[in-house]
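A short write-up of the structure that comes next.
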Amino acid sequence: MKNYFWLLPVAVPSLLITFPTFAADTDIEQKNSNKSRVTSDIQSLSEIALPTTSAELLTQEPTPDDAEQETQPDAELEIEPTTDDAEINDDADINIEAIGEQDPVPNSTPIYVIEKDEIQKQGATSVADILKRMPGFAINDVGHGADIHTGTYYRGASINQSVFLINGRQINTNVNIYHGGTDLNSIPVESIERVELYSGVSSALYGSSAFGGVVNIITKQGYGPPKLTGSLEFGSLNLNNQQVTYGGSSGAIKYNFSFERYFIDNRYRVPVGATNRNNQGFLSNADTATSTYFGSIGLDLNQRNSLNLDITKLSSRRGLIYFGNPTALQRDRLDHDGLNVGLSWKTRLGNGETSNLTTSIGYNQDYFSTYGPSGNFYRTGILDTQQLTARVDHEWQLSSNNKLRWGLDLKNTDLNGDVLSTNPSRIANNETENRSLLNTALFAANTFNISDQFQLDLGLRQSFDTQFGNYLNPSAGLRYAVSPNFAVRGSWAGGQRNPGLDQLYVYDTVHGWEPNPDLEPETGSSWTAGVDINFSDNLRGQFTYFGSSLDNRLGVLSGRWANIGLVNTNGLEAALQLKIASGWSTFLNYTYTDAKIKTGSDRGLQLGLIPYSLLQVGVGYQNAGWQANLYATYNSGARRSVFANTSAGDKTTDFAPSFFNLDFSGRIPLTSNLGLSVYLENLLDEQYERVNRIYSPGLTFRLGLTSNL
């Protein structure tokens, strides 16, 4: 650790020199500094008001000109408790409510946001459910985490090649085996205020591994009188789900507490050849039971300083189904326990509003225990990861046309791995590993508003890693508003993702994969180019070409972790949003992803589990608490890349068939504080192959009651 901290006095000035500033201006204008967001000055540091449109299905951040049009200069924004659904005025264009603080990121790439109202309308039961409605995402998880390793991809990058945050604090632990990818079921949906998605220069702020993107989960904060919100839901496949939230404020203290309990047995008939089909013809060992807890307490010390503490706790018990293997009946189980604690202090520096400093510390623990019988033998694998983080983040408006955001990240990771198998052929691999890793990084992202129309973003991230040395990752982006209704943009970012300590040192007793201490980091770059268009007052579109080139991609060759070579990805992403009339709205998201393997035995093939085409369409109506939403999904099918049944003539080049799916959600107000929710999934009752021989159930339903007190 001492070998790296002596570099900090040198690196900090270097970063500042890299980003020269324009002359200071005492009259700071926000017209272009945070173009894609509508903001307002609010006295309390931990409070901010943003517009939400009543019936929007997917909130895409407005273009700069939209932001100016939607802001009402003479309106006085006040923080008030959120109104009940039955009391919402659906004819109003803008509803203002207090929500968690926005993340001021560069907007040379599109920024997508889903608010809590849309999360509720979708009937999302996990973060995976939320993300699957966003542009660029392909979510292959089957059921509520029936197997969290079935795949989540953004623009062709895996879940471990993206960065996931809670309130701006990273929660990835870079665990890769024993089904240890970031668990998207680990945060109570009831505690989520909104989810933000961005990429490009933003990767410099949060980590060099963000080849895909950055997902920031913003949690609710309490405001106004205490309020109790609860829901009770039952449905097909023995589903039951209970959620409750209690939040409010008292003087300078704000609080919010959430609890969610979820169970589903995921037992339904599947066709011959399906993964984990038992002798009665049912999907086996796919049940899930989770309990999640969330709590936050915020304290406004004065007008310039605030403290916030948040805690998330997960207890998950589930069965595992190994996708693609039609000949074996897997009986392994996975216990996952997680704890995430964060404390942040936010302060305004100086006399003005142009310098904001956030200091945070965090603790993150992921405990994965995979165990079960394999024939006449028994095996278990435990990965216990504990991570301490610290971050200093300074947002500084240097002049009217120059904003700098810079800071320091510290992350210390300890991994304990225990491997045990009674199989004589694997006993030699039984071991206990204790490994530690320290990663320090300096980051900076500078936004220059060259003119009212032209914005330039520059980013740098300098990392110091005890395992893989020092490396620098630059990034750049630009945005030019050709006219009030048309803007072009582009970005480029370099990146490096290091192998996990488990891939380097811990034997995977479940799959039989050997570690490889000689693994090299994945390195490469990603880029985007696109346009933002306002076709009319009611129709907005964002169109993006994206690409990446990733060398030394990690994979498994001959039962051992290895660098499998170069993967090039190119794709198109379209996001359209239309307001038909008062109370009505629609969205359309389309993503084309061509992720080609360029080296090795699979040269020329599409990466497995990633569909070429994915289309999401939604239309919704709401009025006086009544809601009706219809969602359509088209998936072109993904390559079956694992466990091909060669005895039946299957090949690793085979693709799962394409499928089309319809879902419906609705709400009926029973009283001013009580509503009946209805969710019908797979309206066409088609049992399609979601991914690699894992099949969906037919038509399923959920019924629930929601109440606000």
Side-chain angles (χ1 to χ4, degrees), residues 122-133 138-152 184-185 189 233-241 262-290 316-326 328-331 333-334 609 611 614 616 618 629-638 640 656-666 677-704:
Q122 292 179 2
T125 58
S126 67
V127 175
D129 281 346
I130 298 172
L131 295 178
K132 73 181 181 182
R133 306 291 187 196
I139 307 291
N140 296 327
D141 294 336
V142 178
H144 189 84
D147 190 343
I148 62 174
H149 86 323
T150 47
T152 296
L184 300 183
N185 307 296
V189 173
E233 190 175 85
F234 297 92
S236 303
L237 311 179
N238 287 320
L239 177 146
N240 67 80
N241 183 19
Y262 187 97
F263 174 80
I264 189 170
D265 67 12
N266 272 321
R267 187 176 185 272
Y268 53 89
R269 290 194 176 276
V270 290
V272 175
T275 294
N276 245 45
R277 183 180 187 268
N278 64 19
N279 53 14
Q280 286 84 37
F282 288 90
L283 180 65
S284 176
N285 199 45
D287 58 289
T288 293
T290 62
S316 172
R317 304 292 180 263
R318 68 188 72 177
L320 293 177
I321 48 176
Y322 299 167
F323 54 84
N325 191 342
L329 186 63
Q330 302 293 340
R331 292 177 288 172
R333 307 291 297 178
L334 172 64
L609 313 181
L614 187 64
Q616 295 271 0
N629 305 279
L630 185 66
Y631 303 97
T633 301
Y634 169 77
N635 187 308
S636 65
R640 299 187 188 122
S658 62
F659 64 84
F660 179 80
N661 179 63
L662 283 175
D663 297 329
F664 171 83
S665 70
S677 58
V678 180
Y679 305 102
L680 301 175
E681 298 172 325
N682 197 353
L683 289 173
L684 302 179
D685 198 23
E686 297 281 347
Q687 189 165 48
Y688 51 84
E689 182 181 349
R690 287 199 58 171
V691 61
N692 225 29
R693 300 196 180 281
I694 297 181
Y695 289 80
S696 70
L699 174 66
T700 60
F701 74 91
R702 289 185 282 144
L703 294 175

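Under a 3.5 Å cut-off, the side chain of E681 and the backbone N or O of F701 do not form any donor-acceptor pair. Remark: the backbone N or O of F234 is not paired with any side-chain donor or acceptor of N240 at under 3.5 angstrom. For the pair D287 (side chain) and D265 (backbone), a donor-acceptor distance under 3.5 Å is absent. Counting only distance, with no hydrogens or angles, the side chain of D663 and the backbone of N682 share a donor-acceptor pair below 3.5 Å. Formation of a donor-acceptor pair under 3.5 Å by the R333 side chain with backbone atoms of N285 is not found in this model. Using modelled atom types, no side-chain atom of R640 and backbone atom of L609 make a donor-acceptor pair closer than 3.5 Å. In this structure a side-chain-to-backbone donor-acceptor pair under 3.5 Å is present from S677 to G704. Without hydrogens or angle criteria, E233 side chain to Y262 main chain gives no donor-acceptor distance under 3.5 Å. N276 contributes a side-chain N or O that, together with a main-chain N or O of Q330, makes up a donor-acceptor pair within less than 3.5 Å. D685 contributes a side-chain N or O that, together with a main-chain N or O of L699, makes up a donor-acceptor pair within less than 3.5 Å.
For the atom pair R690 CZ and T275 OG1, the distance stands at 13.5 Å (nearest 0.5 Å). Taken to the nearest 0.5 Å, the CG atom of N278 stands 12.0 Å off from the CZ atom of R331. Summarising the geometry, atom OG belonging to S665 is positioned 9.0 Å from atom CG belonging to L630; distances are rounded to the nearest 0.5 Å. With rounding to the nearest 0.5 angstrom, the OG atom of S696 is 11.0 Å from the CG atom of L283. Annotation: the span from I264 atom CD1 to N241 atom CG amounts to 10.0 Å, rounded to 0.5 Å.
Here the side chains of Y634 and L614 are not in contact, with every heavy-atom distance at 4.5 Å or above. E689 is not listed as a side-chain neighbour of F659, based on a closest heavy-atom distance of 4.5 Å or more.
Looking at residues two or more places apart in sequence or on another chain, you find no ring pair (Phe, Tyr, Trp, His ring centres under 6.0 Å) involving F263.
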> Is there a side chain to side chain contact (heavy atoms under 4.5 Å, CB included) between L334 and R318 once you walk through the steps?
Replying inline: CA-CA 5 Å; L334 172 64; R318 68 188 72 177; 4.1 Å; yes
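Under a cutoff of 6.0 Å and an axis angle of 45°, R277 and F282 do not form a cation-pi pair.
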